[in-house]
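What follows is a set of notes on a single structure, which appears directly below.
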Amino acid sequence: MDADSLLAWRDEFPIVKTCTYLVSHSLGAMPARTAAYLQEYADTWSRRGVRAWQEGWWEIGRTTGDLLAPVLGVPPGTISMHQNVTVALGVIASCYTFSGRRRKIVMTDLEFPSNMYLFEGFRRYGADVVYVPSDNTVRTNLDRLLDAIDEDTLLVPLSLVLFRSAYLQNARAVIDKAHRVGARVILDVYQAAGTVPMNLEALEADYAVGGSVKWLCGGPGAGYLYVRPDLASEVFPGFVGWAAHANPFSFSTGPIVHAEGPERFQSGTPNVPAMYAARAGYEIVAKIGVQAIREKSLRLTRRLIEHARRAGYRLNTPTSDAERGGTVVVDVPNAEAVASELLRREVIIDYRPGAGIRMAPHFYNTESEIDHAMEMLDAIVAEITTTARG
Ligand SMILES: Cc1ncc(COP(=O)(O)O)c(C=O)c1O
């Protein structure tokens, strides 16, 4: 057993006893207490019925967002909860018109595809989507991105950590440039939240979006949207429903009177079961502290990198700690087939075309699991190479 105090949390994550679980960049392990919280949801619905709305369900978006606030480094009362990142982005986009001079949406060509698809859809309203080319698939070109952000720029969607390579972007530089020219930055923190410490308030991020499926171990259906408090009262989202009204139970007809606070960005009825499901992961990550998770993550990802280097595998991920999130991307010959065989042997990773095999240790993983996964990888690569030659 590794001498590592975070391993005390392993008992809370049943799946890690059954396989080598190295896929927390995709689906974080489920905490045992999530089952208890979901049972609590069912019991509340069953026993309290409609009274549950007054007993915590109606405000559950706000209270769940507040649990997340310390992980993102933002004040309470600034996060609203949504189905997923795409919906949160749609709410932000609906705060703007794209008719004046300032209608450019600037992002790099390595952004997550949904960030592109959503804003591509807003071309019909006048948005001018500009992609800044990268030199390779691992890193974006910061100078080129900063040059592209100008007085015509409205929004800059920026992943803090790139999904394909785990490259940790320089959000400070992008936010500073955007603010100098009057543009707003939407930080997509999905691949960072829960494994890379952040203080979005100090960073002066205008908006931040993310979800809970990955490092937060919170499961699907709990996307989040942070809006800088002074900006929140200046924008008037168009994609809103009755839950965003200042006085929803007045059921007043005609135009909305926007609520203050996170409810301003709500659509309709909150996704109550997803909020119950997300709670345990948020509590655990906040209790451990993202700084401690990061230290362990760097230790384990360095171990993966050292092994990959010794074996001569191509690394499609930055090797310097300062530039890397929580994932290591290893490319090997026949990577897709190798990934399938790893899965068959209960080493849980994933494969992305153009990148390779993504491996992501979290606070519940051990050094021996890293060694086991890499030994399996070596064995499978050798077997597949021999078969291909024969
Ligand atoms: C950086 C990033 N943004 C967005 C998404 C997708 O978000 P959603 O499915 O919540 O819309 C992902 C999912 O993998 C991601 O890695």
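For ligands, and for the atoms within them, numbers begin at 1 and follow the listed sequence. Side chains included, hydrogens not; waters and symmetry mates left out as well; all remaining heavy atoms used.
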**Request:** Could you give me the CA-CA distance, side-chain angles and deciding distance for R264 and E260, then say whether salt bridge (charged side-chain N to carboxylate O under 4.0 Å, His left out) is met?
**Result:** CA-CA 6 Å; R264 189 182 189 83; E260 294 299 325; 3.6 Å; yes
**Message:** Counting neighbours of OH on Y125 that are heavy atoms of other residues, nucleotides or ligands and sit closer than 6.0 Å, is the number greater than 12?
**Reply:** no
**Prompt:** With hydrogens left out, which residues have an atom under 4.0 Å from ligand 1, given that only heavy atoms count?
**Reply:** N84, V85, T86, F112, S159, F163, D188, Y190, Q191, K214
Run the side-chain donor-acceptor check on residues 194-205: report pairs under 3.5 Å with partners two or more places apart or on a different chain.
{"residue": "N199", "atom": "OD1", "partner": "E201", "partner atom": "N", "Å": "3.2"}
{"residue": "N199", "atom": "OD1", "partner": "A202", "partner atom": "N", "Å": "3.0"}
{"residue": "E204", "atom": "OE1", "partner": "R172", "partner atom": "NH2", "Å": "3.3"}

**Asked** Would you call the rings of H25 and W215 parallel, tilted or perpendicular if under 30° counts as parallel and over 60° as perpendicular?
**Response** tilted
**Asked** salt bridge (charged side-chain N to carboxylate O under 4.0 Å, His left out) with D11: which residues, sequence neighbours excluded?
**Response** K17
Contacts under 3.5 angstrom, residues 227-234 side chains, donor-acceptor by atom type, not counting sequence neighbours:
{"residue": "R228", "atom": "NE", "partner": "D230", "partner atom": "OD1", "Å": "2.9"}
{"residue": "R228", "atom": "NH1", "partner": "D206", "partner atom": "OD1", "Å": "2.3"}
{"residue": "R228", "atom": "NH2", "partner": "D230", "partner atom": "OD2", "Å": "2.9"}

